[in-house]
There are 2 protein chains.
Amino acid sequence: MDLKKLKTLDFTEEAEILKIIGHPTRLKIICGIIEQDLCVSDIGDCLDEPQPKISQHLALLRAKGIVRAEREGLNIKYKVVHPLAIKIAKILEKEKLKD
Amino acid sequence: MDLKKLKTLDFTEEAEILKIIGHPTRLKIICGIIEQDLCVSDIGDCLDEPQPKISQHLALLRAKGIVRAEREGLNIKYKVVHPLAIKIAKILEKEKLKD
DNA sequence: TCCGTATATTCAAATATTTTAATATTGCTA
DNA sequence: TAGCAATATTAAAATATTTGAATATACGGA
């Protein structure tokens with residue numbers, strides 16, 4: 001891409017998504033729910049983190065439109081909905097499963 | 001991926017890369033130099049940011065192994081070398097060129 | 001070797017993020 | 001409707017990042 005074109009582009013939104021995803025706990029949450037929806041307590045089990053902390057991270061992800069919550073009886077299940085986040089999670093999952 | 005497998009994985013390094021890239025200036029730098037190597041002053045022109053700021057961001061990117069510097073006469077040219085960063089920059093470039 | 005151009009470093013102030021702990025809310029079921 | 005299980009919110013303290021301004025270094029050419 002030439003410099004003139006680049007000059008007109010703005011990467012603010014994409015950067016924000018990357019920054020939010022770029023946290024070990026949140027990234028693991030996202031990779032965890034990319035294939036299957038999970039509820040908060042499952043995620044907590046998986047990460048060995050206290051429930052409120054998981055909820056806080058999920059709240060951030062929700063606020064940025066990266067995940068969506070859906071009540072299912074007693075639990076609330078989360079799924080990834082942001083296209084860029086989905087792409088990145090899939091790339092990472094693939095890399096991780098190589099080993 | 002099942003929960004047991006997920007539990008054994010660590011996403012710390014990937015998260016760090018994403019976080020570093022997840023800054024508007026740095027992301028634009030990376031997308032700018034994905035196809036062509038650029039020197040600091042070209043990057044500065046393109047972003048309308050003071051030179052020391054650009055250098056600071058480049059230093060961070062260098063420290064994390066995301067870009068590499070190469071002197072070329074009077075200038076120093078930068079290129080992206082981190083595989084994950086390259087993948088993401090290419091995804092974003094493609095998206096941006098759609099519009 | 002002195003000068004100018006290009007780039008890098010440093011440090012302090014402002015700002016943002018993360019963590020922790022306590023507590024609140026929601027909805028099911030007895 | 002009381003109690004329990006699941007999830008969410010809040011606020012303060014600790015920590016990390018970002019910015020801005022000043023200054024330093026490195027290299028090539030006269």
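Per chain, numbering begins at 1; letters A, B, ... match sequence-line order.
Heavy atoms of B:P52 sit under 4.0 angstrom from at least one base atom.
Residues B:L38 and B:G32 approach most closely at CD1-O, 3.9 Å, considering heavy atoms. Nearest heavy-atom pair across B:E49 and B:T25 is OE2-OG1, 3.6 Å. In terms of heavy atoms, A:E14 sits closest to B:L27 at CB-CD2, 3.8 Å.
The side chain of B:K53 places an N or O atom within less than 4.0 Å of a non-bridging phosphate oxygen (OP1 or OP2) of D:dG20. In this model, the phosphate group of C:dT17 is approached by a side-chain N or O of A:K19 to a distance below 4.0 Å at OP1 or OP2. Distances shorter than 4.0 Å separate some side-chain N or O of A:N75 from OP1 or OP2 on D:dT7. Taking side-chain N and O atoms only, B:S41 has a distance below 4.0 Å to OP1 or OP2 of C:dT7. Residue B:R71 has no polar side-chain atom (N or O) positioned under 4.0 Å from OP1 or OP2 of D:dG28. Within the structure, a side-chain polar atom (N or O) of A:Y78 is placed less than 4.0 Å from OP1 or OP2 of D:dA8. Taking side-chain N and O atoms only, B:H57 has no distance below 4.0 Å to OP1 or OP2 of D:dT18. Taking side-chain N and O atoms only, A:H23 has a distance below 4.0 Å to OP1 or OP2 of C:dT19.
Rounding to whole angstrom units, CD of residue A:Q56 and P of D:dT10 are separated by 11 Å. Rounding to whole angstrom units, CD1 of residue B:I54 and C1' of D:dT19 are separated by 13 Å. Regarding A:L74, its CG atom lies at a distance of 12 Å from the P atom of D:dA8, rounded to whole Å. A straight line from CD1 of A:I76 to C1' of C:dG27 spans 10 Å, rounded to a whole angstrom. Counting to the nearest Å, the P atom of C:dA16 and the CD1 atom of A:I20 are 13 Å from each other.
By the 4.0 Å N-to-carboxylate-O rule, A:K98 lies close enough to A:E95 to be salt-bridged with it.
Contact of A:E49 with C:dT19 (side chain to base): no donor-acceptor pair of N or O atoms is detected under 3.5 Å.
At a threshold of 4.5 Å between non-hydrogen side-chain atoms, the residues A:R62 and A:R68 do not count as touching.
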